[in-house]
Amino acid sequence: MLRFETAGESHGECLVATLTGLPAGVPVSLDSINHELWRRQQGYGRGGRMKIETDTAELVAGVRHSRTIGSPVAIIIRNKDWQNWTQALPVEDTEGSEDSKKPVTRPRPGHADLAGCLKYNFHDARYILERASARETAARVAVGALAKALLNEFKIHVLSHVIGVGSVRLERPVPWDEIVALSRKQEVLLGCVDPEVEQQMKAVVDEAYRTGDTVGGIFEVVARNVPPGLGSHIAWDTRLDGRLAQAIVSMQAVKGVEIGRAEEGAMSFGSKVQDTIHYQREERRFTRGANRAGGLEGGITNGQDVIVRGFLKPISTLRRPLESVDLETREASLAAYERSDVAVIPAAGVIGEAMAAIVLAEAFLEKFGGDSLAETQRNFAGYVEQLKNF
Ligand SMILES: Cc1cc2nc3c(=O)[nH]c(=O)nc-3n(C[C@H](O)[C@H](O)[C@H](O)COP(=O)(O)O)c2cc1C
């Protein structure tokens, strides 16, 4: 079973991630992990921190001579900002260390600050926000790069693009080639494949900058070449649509998820939104009239592209602070301000890719198993043969 964990605080020494369950023999390169980390840091609308941090991963376990060896893979990503926080967030309580804390006693609406303080019995939201912060997603992206490394061996590719920023929406269908071209760009604006719509998106972010506001948006993750048969209809927690939805909604600031064209379907008559079934005799394979289901029927992949969208709320931290209450005095006071992003939709797309890749890799290994890549490949080849002769 593939499972991952992350640890680390936003201004702590480092982020740590482990991934257990990858077969031995999967090629892993630090460059490709670092490239994914770089992609997570791009996009118009990011705050000052992205300028301080250029994330790089250290692979400290589970990979030897550029291949997995079957044991847990462990990754460290150091926080470059740690040097400014050693006094405020020391691991050990030393004399005088109380004075140099950077406490947050005015919880910020839209964050875990207040709920977390009530739950963990802190009067300083620093201890909550350090972990609730989306800085943690750097670790998820590093793990996602490992999941992608496995999937790539089976020609399965997972990418994303932005289809909405504020009220601006890309309305046209987007071919896979355009998403691939977008992923190769060296400069990322808002991650939209259409330059004209992207400029409209930029105008929305500019307005937010001007007015001290923030914006949310919608990203779409597409997985190509996913074989039919991942996930299962047999139980609620084996359904892959539900597992993907959880993975995407677990991301900071994601408040909604859409599989395929769910919203359009909900507003249409049933006759208008089905993916009809056809058969190509020469190639001996089933084809579909459309892919509104986003590659999933009954919680099982059906061989079409898997398509999942994430809906991001606008970033909650505003330059004009919101009303809050001081945890010590209980007096009305303005919420604390932490350096903040204005828009993060392209970055969220990259994190969404990572989460989708992890879920797909897990489902893939559930179906095909294997302690070594060669064994997984043999099992997969047998299934491909079964599909051919179906
Ligand atoms: C890539 C990324 C970067 C983010 N950066 C910020 C930020 O700079 N400031 C902020 O207030 N929220 C930011 N957020 C959102 C918060 O982390 C998130 O809203 C908060 O943790 C509360 O969680 P919830 O919105 O899921 O309830 C970011 C989210 C993502 C995905």
Side-chain angles (χ1 to χ4, degrees), residues 6 8-11 15 36-55 77 79 81 104 106-120 125-144 160-162 164-166 188 190-191 205 208-209 212-221 245-257 308-322 324 334-356 358:
T6 73
E9 285 81 43
S10 179
H11 298 100
L15 298 168
E36 294 297 299
L37 292 175
W38 174 84
R39 290 180 65 222
R40 193 198 74 95
Q41 296 191 287
Q42 304 310 301
Y44 189 65
R46 303 305 300 277
R49 182 155 193 182
M50 293 308 113
K51 297 186 184 89
I52 317 173
E53 310 262 8
T54 308
D55 285 329
I77 303 163
N79 289 327
D81 212 13
V104 175
R106 292 165 288 128
R108 303 159 308 157
H111 285 272
D113 297 9
L114 179 59
C117 278
L118 293 172
K119 179 174 166 63
Y120 289 91
R126 169 72 54 206
Y127 294 126
I128 301 299
L129 67 89
E130 282 292 325
R131 179 63 185 160
S133 153
R135 174 79 192 130
E136 182 256 348
T137 59
R140 301 197 200 194
V141 167
V143 172
S160 67
H161 62 117
V162 170
V165 172
V188 179
L190 281 153
V205 180
Y209 269 124
D213 221 316
T214 61
V215 275
I218 311 168
F219 62 84
E220 180 174 273
V221 176
Q246 205 242 319
I248 298 295
V249 174
S250 77
M251 290 168 51
Q252 291 81 344
V254 173
K255 294 292 138 191
V257 63
V308 193
R309 293 173 170 183
F311 291 67
L312 287 159
K313 72 178 183 183
I315 294 293
S316 297
T317 307
L318 302 176
R319 238 176 28 235
R320 294 170 296 163
L322 297 163
S324 183
L334 292 177
Y337 179 76
E338 292 268 312
R339 181 184 46 210
S340 194
D341 297 320
V342 166
V344 298
I345 310 100
V350 174
I351 303 158
E353 288 173 33
M355 294 310 294
I358 293 165

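The chain is numbered in sequence order, starting from 1. We count ligands from 1, going down the list as the structure has it; atoms in each ligand are counted the same way.
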Give me the residue, atom name and distance of the protein heavy atom closest to [atom].
atom: atom 22 (C) of ligand 1; result: Gly110 O, 3.4 Å
atom: atom 2 (C) of ligand 1; result: Ala134 CB, 3.5 Å
atom: atom 20 (C) of ligand 1; result: His111 ND1, 3.7 Å
atom: atom 7 (C) of ligand 1; result: Ser340 OG, 3.4 Å
atom: atom 19 (O) of ligand 1; result: Lys313 CE, 3.4 Å
atom: atom 11 (O) of ligand 1; result: Thr317 OG1, 2.4 Å

Q) Has ligand 1 got any nitrogen or oxygen that is less than 3.5 angstrom from a nitrogen or oxygen of Asp341? A) yes

Q. Considering distance alone, does some N or O of Arg46 sit under 3.5 Å from an N or O of ligand 1?
A. no

Can you confirm whether [X] sits close enough to [Y] that some side-chain heavy atom of one is under 4.5 Å from a side-chain heavy atom of the other?
X: Arg108; Y: Leu129; result: yes
X: Arg131; Y: Thr6; result: yes
X: Val308; Y: Val257; result: yes
X: Arg39; Y: Val188; result: no

Q) Would one find more than 12 heavy atoms of other residues, nucleotides or ligands at under 6.0 Å from atom OH of Tyr127? A) no

Do any N or O atoms from the side chain of [X] and from the backbone of [Y] form a donor-acceptor pair under 3.5 angstrom?
X: Glu353; Y: Ser160; result: yes
X: Asp213; Y: Pro314; result: no
X: Arg319; Y: Tyr209; result: yes

**Q.** Chi angles and distances behind the side-chain hydrogen bond (donor to acceptor under 3.5 Å, both in side chains) call for Arg126, Ser10
**A.** CA-CA 10 Å; Arg126 169 72 54 206; Ser10 179; over 6 Å; no

Out of [options], who is nearest to [atom] when you count heavy atoms only?
atom: atom 10 (C) of ligand 1; options: Val342, Ile315, Val344; value: Ile315
atom: atom 24 (P) of ligand 1; options: Arg135, Gln41, Arg108, Lys255; value: Lys255
atom: atom 16 (C) of ligand 1; options: Arg140, Glu136, Arg40, Gln252; value: Gln252

In ligand 1, which numbered atoms sit nearer than 4.0 Å to a non-hydrogen atom of [X]?
X: Ile351; value: 1 (C)
X: Ala253; value: 15 (C), 18 (C), 19 (O), 24 (P), 25 (O), 26 (O)
X: Ala132; value: 21 (O)

